[in-house]
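One structure is given below, encoded as structure tokens.
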Amino acid sequence: MRSMRNKTLSLLILLLLQPIDTTSTPTPRPWPDQFHALLYMNLSKGLLQISDLWYDWPRGTNVNIFQKQLGVLLYDVEWDNGTTFYFTLGEPATCEVMQFEVGIPRRNFLDGAKYLGTQTTDGFLCNVWEKVDFIWYFEDVVSRRPVRWDFYDGISTHVITFEVGAVLNESFIQAPSYCFSEATEKRVFDS
Ligand SMILES: *[C@@H]1O[C@H](CO)[C@@H](O)[C@H](O)[C@H]1NC(C)=O
Ligand SMILES: *[C@@H]1O[C@H](CO)[C@@H](O)[C@H](O)[C@H]1NC(C)=O
Ligand SMILES: *[C@@H]1O[C@H](CO)[C@@H](O)[C@H](O)[C@H]1NC(C)=O
């Protein structure tokens, strides 16, 4: 009877000593339904740009407004039906329409990513994952906000602000009329 109780007690102590979460591998937090992020991007070849990213899952839009360094302001409006409009307003007014097979990124697009451990980047201690040799994703260990992601092609993105719940005014996502003219270049991507 006593040894039984001792056994139970030692088991209990063992359980209590077990630090939480040592057995489970960290997984990336899914993207919020809606957010706005200001991004600093270093493109391959070293060119720089700032991007306003407006992700809106319920509306089915993913909008990037790129300010190229000392260059154009480029709108990239992606719809979940696979259509993406790339356009500039004013001079020069350009538009390119592309059709992709997949829509905007799923909130859990990082599911199945391989955990690589922790690393300090941009001054933040981060959990790091890699998915299909395509993306390396850095998430702040404490706040669990994304800090940085790198693509296989050398483009490196650094998150400057991250506002959960912010929504882009409807009037900014409507592509201009010249996107719908006959002359507009349309490209279709099968994969
Ligand atoms: C941008 O990336 C390139 C290539 O990785 C690097 O050599 C360069 O220093 C970076 N520039 C800035 C401003 O971060
Ligand atoms: C996808 O939705 C946008 C916005 O409503 C629309 O302009 C575009 O034509 C649609 N694309 C397709 C392939 O239906
Ligand atoms: C969106 O922008 C338009 C034009 O600037 C403005 O009239 C409208 O009030 C804005 N809507 C919201 C919800 O902020």
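Atoms within each ligand, like the ligands themselves, are counted from 1 in listed order. Residues take their numbers from the sequence shown, with the count starting at 1.
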message = Considering both backbone and side-chain atoms of W79, is one of its nitrogen or oxygen atoms within less than 3.5 Å of a nitrogen or oxygen in ligand 2?
response =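 For ligand 2, there is no N or O atom that lies under 3.5 Å from one belonging to W79.
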query = Between N81 and ligand 2, is there a nitrogen or oxygen pair with a distance under 3.5 Å?
reply =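 Checking ligand 2 against N81, an N or O pair does fall under 3.5 Å apart.
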key: Closest heavy-atom pair and its distance - D56, I104   =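 Minimum heavy-atom contact is O-CD1, 4.1 Å.
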key: Minimum heavy-atom distance between Y86 and D76, given as atom pair plus value   =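 Closest approach of Y86 to D76: CE2-CG, 3.6 Å.
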Under 4.0 Å from [atom], is there any protein heavy atom?
atom	result
atom 9 (O) of ligand 2	no
atom 5 (O) of ligand 1	no
atom 14 (O) of ligand 1	yes

Residue from T27, T118, D140 passing side-chain contact (heavy atoms from CB on, under 4.5 Å) with N127 =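 Only one of T27, T118, D140 forms a side-chain contact (heavy atoms from CB on, under 4.5 Å) with N127, namely T118.
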ask   = Hey, is the main chain of W31 close enough, under 3.5 Å, to the side chain of R107 for a donor-acceptor pair?
value =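 Indeed, once roles are kept as given, a pair shorter than 3.5 Å links the two residues.
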ask   = Taking atom 12 (C) of ligand 1 as the point of reference, which of L43, D150, N42 owns the nearest heavy atom?
value =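 Heavy atom nearest to atom 12 (C) of ligand 1 belongs to N42.
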request  = Could you tell me whether F85 approaches ligand 2 through its side chain, its backbone, both or neither, with non-hydrogen atoms closer than 4.0 Å?
outcome  =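 The answer is the side chain.
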query = salt bridge (Lys or Arg N to Asp or Glu O under 4.0 Å) between D33 and R59: does it pass, once the steps are laid out?
reply = CA-CA 9 Å; D33 264 359; R59 185 161 63 186; over 6 Å; no
